[in-house]
Amino acid sequence: MSDLAQTAGDGVVSTSVPSFSIWHQGLVAAVFWLLTAAVTWGLPDVLPWGSAGLFAAITATGGVLLLALALTLHRLGAFGRRIAFWGPWLIAVGVWFLVWEYTTAKTGWLPKPFFSPPHGLLQVYVTDWSRLLLCIGYSLRLWGLGFFSGITVGFTIGVALGWSARFNYWGMPILKLIGPVPATAWIPATFYFFPTTFHASVFLVALSCGIPVAILTAAGVSQVNRAYYDVARTLGANDRFLVLKVAVPAALNHVFVGLFMGLYYSFAVLVVAEMLGAKYGLGWYIAFQSAYSAYANVYATIVIMAILCSGLVKLLFVARDRLLVWQERGLI
Amino acid sequence: MSALAQTDGPARALSLDIRSVSHHYDIAGTRFDVLDDISLSLTPGEFVALLGPSGCGKSTLLRLAAGLEHPRQGTLLEDGNQIEAPDPSRLLVFQDPTLFPWRTVRRNVATGLEARGLLPQRAHRIDEALSLVRLEDFADAYPRQLSGGMAQRVALARALVNDPGLLLLDEPFGKLDSLTRLSLQTEFLRLWQTAGFTALLVTHDVEEALLLAGRIVVLSDRPARVLAEFRITADYPRHRDDPDFVRLRRDILHELGVQSV
C-alpha cells in the first residue's frame with residue numbers, strides 16, 4: 001500500500017511542471033479519496049453492509065476538500081504548511097480506503113464475517129451508537145475509579161517506601177514479590193472476595209496501575225539528592241515540608257514514568273475485567289459481539305478504544321509537561 | 001534562637017563557640033578521624049576563615065555547626081545555647097548552589113520563609129534579597145537557566161532572606177571562574193558589612209581568606225587540628241599587592257607546608 005502511494009506520489013510530483021502553485025500531494029490524495037467514493041457508490045456490494053452511501057459521501061467530501069486545498073494551500077500560510085506536512089499520510093489513507101473497500105465489500109476477497117469494509121464499521125456507529133456511548137461511559141467510569149484510586153494509593157505507598165526506612169523494610173519485599181504478578185492473575189480471587197464484579201474490576205484496574213506507580217515513586221523518592229534535604233532542614237523545614245515540597249517534586253520525573261506504565265497496564269486489565277464480568281463497557285461489548293461473530297462491531301469498538309486510550313496518554317503527556325516545566329531547556 | 005527568627009528586621013549577629021570538638025566517621029567498618037580537638041570562638045559579627053588542605057574536615061565542622069550532624073566529642077554553642085538541630089538563625093551555603101531545580105529563583109529564595117510559615121508577612125523581603133544580589137530580573141527563571149555565579153548568588157539570597165545571625169560558608173566561590181569569583185567575593189563582603197552577621201568561611205584559597213576575613217584559622221591535614229591563627233587588621237577593600245598581605249600569605253602557606261613562589 002505504501003509502495004503504491006509512494007510511486008503514485010513521486011510520479012505526479014516529478015513529471016508536472018510547477019506553472020502555478022498546486023499542492024501536488026493534495027491532488028493525489030484527492031484522486032484516491034474520490035476514487036474510493038466512486039468505487040463505494042458505483043460498484044455493488046457482494047453482501048449488503050449498509051451505510052455505503054454515507055461512506056461514499058464522507059470520502060467524496062474529503063476528496064473535494066482536498067481538491068480545494070490542493071489549489072489554495074499556498075495562500076493559507078502556517079495552517080497550509082501544517083496541512084502539507086500530512087500530505088503523504090492523506091494519500092496513504094486514501095489508498096488504504098480504496099484497497100480496503102475493494103477487497104472486502106466489492107469483491108469479497110477478504111470474506112465476511114472476519115473482515116468488514118469501512119462502511120461496515122460506519123454502519124455499526126450509525127445503528128448502535130447509543131449502546132456504544134453507554135459502553136464508553138461505563139468503561140470510563142470503571143477506568144477512572146480504578147486508575148485514580150490506584151495511583152493515589154500507589155503514590156502514597158511509594159512516598160512512604162522511599163521516605164521511611166522502617167516502612168521500606170517491611171513494604172519493599174512484599175511489593176517486590178507481588179509487583180511482578182500480572183493483575184489479571186488475581187481475577188478468580190478478587191471475584192470471590194469482592195461483593196460485586198464491579199468492585200472487583202475497580203480493584204484490578206487499581207492494582208495494575210498502583211504497583212508501577214508505587215515502585216517508581218519509591219525509587220524516585222529514595223534517589224533524591226541528600227543535599228536538598230540538608231538545605232531545606234537548615235532553612236527550617238519540618239518533615240512534612242521535606243516530603244511534600246522537596247521529596248515529591250524531586251521524584252516527580254520517576255512518578256510520571258510509573259504513571260505511563262500504569263496507564264498502559266490499566267487499559268489491558270480494564271478490557272479483560274470487562275470481558276469477564278461486566279454488564280456494559282467496551283470490553284464487554286467486544287466479548288458480546290464476537291460471540292455472535294459480529295466482527296464489524298469488534299473492529300468499530302477497537303477504533304473507539306484506540307482513540308480513547310491514545311487520548312488519555314496524550315492527556316498524561318500534557319499534564320507531565322505542565323508539571324515538569326522546570327526541566328525544559330533554557331529560555332535565556 | 002527561635003525568638004530571633006520571629007523578629008522582622010536586621011539580624012542580630014550571633015556568637016559561635018566550638019569547644020574541644022572531635023569527630024570521626026565509620027565507613028565500611030573503618031574509622032576515619034576527621035576532627036581532632038578543635039576549639040574556636042567567633043564573636044558576634046566576626047568574619048573568620050577556616051583554611052586547610054582539601055578533605056581535611058573543614059566541611060564536617062560546618063555541618064556540625066549547622067546542626068546537621070552531632071559531634072562525637074565536645075560541644076558547639078550558639079550564643080551560649082548548645083546546637084542540637086538545624087535552625088534558620090545559622091545557615092549553610094554550599095560549594096554547589098543546590099538550588100531546588102523545580103522552583104523558580106523567587107520561590108527558591110522564598111523556601112525558608114515558606115517552610116516557617118512566614119511568607120505572608122515577609123513576602124517583600126524576597127524582592128529585597130533578590131535586589132541585594134542583583135537578580136531582580138531573573139526572579140521567574142528556573143535554576144537551569146542560570147550561570148554558576150548567578151546560581152550561587154541565588155543561594156546567598158536564599159540564606160540572607162532569613163536574616164541569619166551566623167552564616168556558614170562551605171567554599172561558596174570554589175567552583176566559579178576566577179572573574180566571577182572576584183566579583184562575588186566583593187559582593188559578599190558588602191553583604192557582610194551591611195547585614196552584620198557572623199561569618200565562618202571554609203576555603204582552601206589563601207588569597208580569598210586574606211581578602212575577606214578578620215581572622216584566619218589554619219587547620220592541619222585530616223584529622224584536622226588548629227595549626228595557627230592569623231589576625232588581619234587591614235581595612236577593606238584590601239589589595240593583594242599590600243606588603244603585609246604578601247608577608248601573611250607567605251606565612252600562611254608555610255603553615256600549610258607549601259613553599260610560596
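Letters A, B, ... mirror the listed sequences (proteins, then strands); counts begin at 1. What you are looking at is a predicted structure, and each value in this text was computed from that prediction instead of being measured.
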| request: Could you tell me which portion of B/Arg63 (side chain, backbone, both or neither) has an atom closer than 4.5 angstrom to a non-hydrogen atom of chain A? | output: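 Contact with chain A involves the side chain of B/Arg63 alone.
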
| message | Can you tell me which portion of B/Leu113 sits under 4.5 Å from chain A's heavy atoms? Options are side chain, backbone, both or neither. | response | neither

| query | Looking at B/Pro101, B/Gly112, B/Ala155, B/Ala85, which one has more heavy-atom pairs under 4.5 Å with chain A than the rest? | reply | B/Pro101

| field | No-hydrogen, no-angle side-chain donor-acceptor test under 3.5 Å, B/Glu69 and B/Thr60 | value |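 No - no donor-acceptor pair under 3.5 Å links their side chains.
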
| said: Given heavy-atom pairs under 4.5 angstrom as the criterion, report whether the side chain, backbone, both or neither of A/Asp230 touches chain B. | reply: both

| query | Which answer fits A/Phe241, side chain, backbone, both or neither, if we ask what part of it has an atom under 4.5 Å from a heavy atom of chain B? | reply | side chain

| message | With heavy-atom distances below 4.5 Å as the criterion, would you say the side chains of A/Leu316 and A/Phe256 are in contact? | response | yes

| Near-ring test A/Trp143/A/Phe148, centroid separation under 6.0 angstrom |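 Centroid separation for A/Phe148 and A/Trp143: below 6.0 Å.
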
| query | For the rings on A/Phe193 and A/Trp186, is their centre-to-centre separation under 6.0 Å? | reply |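 Judged by ring-centre distance (under 6.0 Å), A/Phe193 and A/Trp186 do not meet the cut-off.
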
| task | Check for a donor-acceptor pair, side chain of B/Trp192 on one end and backbone N or O of B/Phe197 on the other, with a separation under 3.5 Å. | result |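 Yes.
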
